[in-house]
Number of protein chains: 2
Amino acid sequence: MPKGTPLTEEEQEKRRHEIFHKVVNVFLKKGFQETSMREIAEAAGLGKSTLYDYFKTKDEILIYFFEDQLNDLTAEAQRIALQNMDADQRLRQIMEMHLEFLVENKNLFLKLSIEAQRLKLESQKRIQNGRYAYQDLLRGLIEEGIREGAFRKVDPLLAARLLVHIMAPVVFASRPTGTPQEMLKETLDIFLKGLQV
Amino acid sequence: MPKGTPLTEEEQEKRRHEIFHKVVNVFLKKGFQETSMREIAEAAGLGKSTLYDYFKTKDEILIYFFEDQLNDLTAEAQRIALQNMDADQRLRQIMEMHLEFLVENKNLFLKLSIEAQRLKLESQKRIQNGRYAYQDLLRGLIEEGIREGAFRKVDPLLAARLLVHIMAPVVFASRPTGTPQEMLKETLDIFLKGLQV
DNA sequence: ACTGAAAACGACCAGCGTTCGCTTTTATTG
DNA sequence: CAATAAAAGCGAACGCTGGTCGTTTTCAGT
């Protein structure tokens, strides 16, 4: 990495990605909050203040993670939403994908999404914009289902939000009553039955 | 408050309650995380280290709040659960009470429950025990409903957990689509319909 | 080879939660 | 009523934190 040359925004982004990847294991072991900027810098093989050239604050590191992940999640959901199936089937498929997504990096997402709730309101809003994109996609599907007559005339945004929120007890249950997949199925059975006409 | 006399555990508890009450407004204005122990001590009219005689750590102050509130909530729910009504009616009534409870001190509960998620895992577990008592009470009602044939044979613990979790989007929605009461009604309509045979 | 500018850095800062050793207060005792 | 023991109360001090600043290192373009 040459020094005297300015990095393009793209290169900086790539660098952020690299840095985050080098540090992920520390977050997994110690948690984000409990990891100091000194430790993060060391794990990334950087001087402490160099870290600040890539992330303006410590919180920015967490925000970076979520913006990155939510982009991926929404893109994948969009792909499913465009398929040629009943709305409720697509909803199911999206939530299964969502679950897979969460389970894959379960510890990471569990740890970091808990810690994300402690960010300053302004930081939360940035993450929230990403969430909204996802929520609105689900809402679109629910509206479609209502239009098609498959669902009752429920408040589509509220229903979309419920859908997102019921993922938590499925993935993060501290007293699980089955595999996440089983719990998701049961949950969707309840939820989608509740939506039906 | 005499000095040379040891306080009984009961007196200490009362003192903790007093202290918390004196400080509540600071938490409401600044948030818990952003309020330093120095400020807390000042608001309580105590020396900084005297505070530590009543709360072993800063987090303990937050834990105290939740244990206190969850006790009240569960006691109230228990009262409703014992009434002579259909299980789903009692569930509805409990959730309405729960909502009222949250709305009443909305700002406090909103602020503090967000900040509570940042506590150390061990501290969270103590709060969780309180949550379990409440969850199990709801589970009991759902089991009753199943036995009576009003509900399908769903996983009662999972359903109870869902019920608790759907409160969040109702009370804490950043894009609300109605009054909390309206949103709760719609939410319960979906949820309870999903439970029906 | 020189130079300007960006990258990298470690010493430093204010403020944090928490601890410690000391002072103040008072119910009990002789 | 004086002496005492023990708890309540306290502020200074500690080790740490996230974040800043002035300097040094590095290199592309001349």
Side-chain angles (χ1 to χ4, degrees), chain A residues 1-20 22-23 26-27 30-65 112 115-116 118-124, chain B residues 1-20 22-23 26-27 30-65 112 115-116 118-124:
Chain A
M1 208 59 50
K3 281 190 181 177
T5 4
L7 297 180
T8 66
E9 174 54 37
E10 214 172 291
E11 286 168 321
Q12 285 208 3
E13 165 60 26
K14 202 179 147 196
R15 204 98 167 63
R16 270 192 283 273
H17 206 87
E18 278 172 23
I19 293 173
F20 189 90
K22 280 187 187 159
V23 177
V26 184
F27 290 156
K30 295 197 55 174
F32 176 77
Q33 162 84 348
E34 290 73 22
T35 307
S36 73
M37 284 301 261
R38 284 153 184 83
E39 292 171 294
I40 294 174
E42 195 179 350
L46 295 172
K48 184 159 66 68
S49 51
T50 305
L51 210 49
Y52 280 89
D53 291 337
Y54 293 98
F55 299 98
K56 261 174 288 188
T57 66
K58 189 188 180 189
D59 286 355
E60 205 84 10
I61 299 178
L62 208 50
I63 296 172
Y64 170 82
F65 169 74
L112 297 192
E115 311 211 41
R118 161 200 69 76
L119 297 175
K120 296 199 202 325
L121 223 93
E122 202 175 306
S123 308
Q124 299 234 28
Chain B
M1 206 63 45
K3 281 188 182 178
T5 6
L7 297 179
T8 66
E9 175 55 34
E10 215 172 295
E11 285 169 321
Q12 285 210 2
E13 166 60 26
K14 202 179 148 199
R15 204 99 166 63
R16 270 191 284 271
H17 205 86
E18 279 173 23
I19 293 174
F20 190 89
K22 279 187 188 161
V23 177
V26 185
F27 290 156
K30 297 198 49 171
F32 176 77
Q33 162 84 349
E34 290 72 23
T35 307
S36 73
M37 285 301 264
R38 284 153 183 85
E39 292 171 294
I40 294 174
E42 195 180 349
L46 294 174
K48 188 159 56 69
S49 51
T50 306
L51 210 48
Y52 280 87
D53 292 335
Y54 293 98
F55 300 98
K56 260 173 288 185
T57 65
K58 189 187 182 191
D59 286 353
E60 205 85 10
I61 299 177
L62 208 50
I63 296 173
Y64 170 81
F65 169 74
L112 297 192
E115 311 213 42
R118 168 197 64 76
L119 297 174
K120 297 201 203 321
L121 222 94
E122 202 176 307
S123 306
Q124 300 236 28

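In what follows, every chain begins at residue 1, and chains take the letters A, B, ... in the order their sequences are listed.
The shortest distance between side-chain heavy atoms of A:I61 and A:M37 falls below 4.5 Å. Between B:E39 and B:E34, the closest side-chain pair of non-hydrogen atoms is not below 4.5 Å. Looking only at side-chain heavy atoms (C-beta outward), B:F32 and B:D59 come within less than 4.5 Å of each other.
Distance, B:E42 CD to C:dC16 P: 12 Å, rounded to whole Å. Between the P atom of C:dG15 and the CD atom of B:E39 lies a distance of 11 Å, rounded to the nearest Å. Atom NZ in A:K58 sits about 15 Å away from atom P in D:dC16, given to the nearest Å. At whole-Å resolution of the value, CG in A:L46 and P in C:dA6 are 19 Å apart. A:I40 places its CD1 atom 15 Å from the C1' atom of D:dC16, with the value rounded to the nearest Å. Atom CG of A:L51 and atom P of C:dG10 are 13 Å apart (whole Å). Rounded to whole Å, atom P of D:dG18 lies 13 Å from atom CG of A:L119. If you measure from atom CZ of B:F55 to atom P of C:dT19, you get 16 Å, rounded to the nearest angstrom.
For D:dC10, neither phosphate oxygen OP1 nor OP2 lies less than 4.0 angstrom from any side-chain nitrogen or oxygen of B:Y52. Within the structure, a side-chain polar atom (N or O) of A:R15 is placed less than 4.0 Å from OP1 or OP2 of C:dA8. Contact check, A:S36 against D:dT17: a side-chain N or O comes under 4.0 Å of OP1 or OP2. Between D:dC10 and B:T50, a contact under 4.0 Å exists linking OP1 or OP2 to a side-chain N or O. Taking only side-chain nitrogens and oxygens, B:K48 never comes nearer than 4.0 Å to OP1 or OP2 of D:dG11. The side chain of B:Y54 places an N or O atom within less than 4.0 Å of a non-bridging phosphate oxygen (OP1 or OP2) of D:dG9.
Ring-plane geometry between A:F20 and A:Y64 is classed as tilted, the angle between the planes lying from 30 to 60 degrees on a 0 to 90 degree scale.
The rotation axes computed at either terminus of the helix from C:dA1-D:dT30 to C:dG30-D:dC1 lie 20° apart, taking five pairs at each end and rounding to 10 degrees.
Taking the side chain of B:S49 as heavy atoms from C-beta on, and the options D:dG9, C:dC20, C:dT18, the nearest nucleotide is C:dC20.
No N or O donor and acceptor, one from the side chain of B:R38 and one from the base of C:dG15, sit under 3.5 Å apart.
What you find for A:K58 and A:I40 is that their closest heavy atoms are CE-CD1, 4.3 Å. Taking each heavy atom of B:A41 and B:K48 in turn, the nearest pair found is CB-CA, 3.6 Å.
Only one option out of B:E18, B:E60, B:E13, B:R15 pairs with B:Y54 in a side-chain contact (heavy atoms from CB on, under 4.5 Å); it is B:R15.
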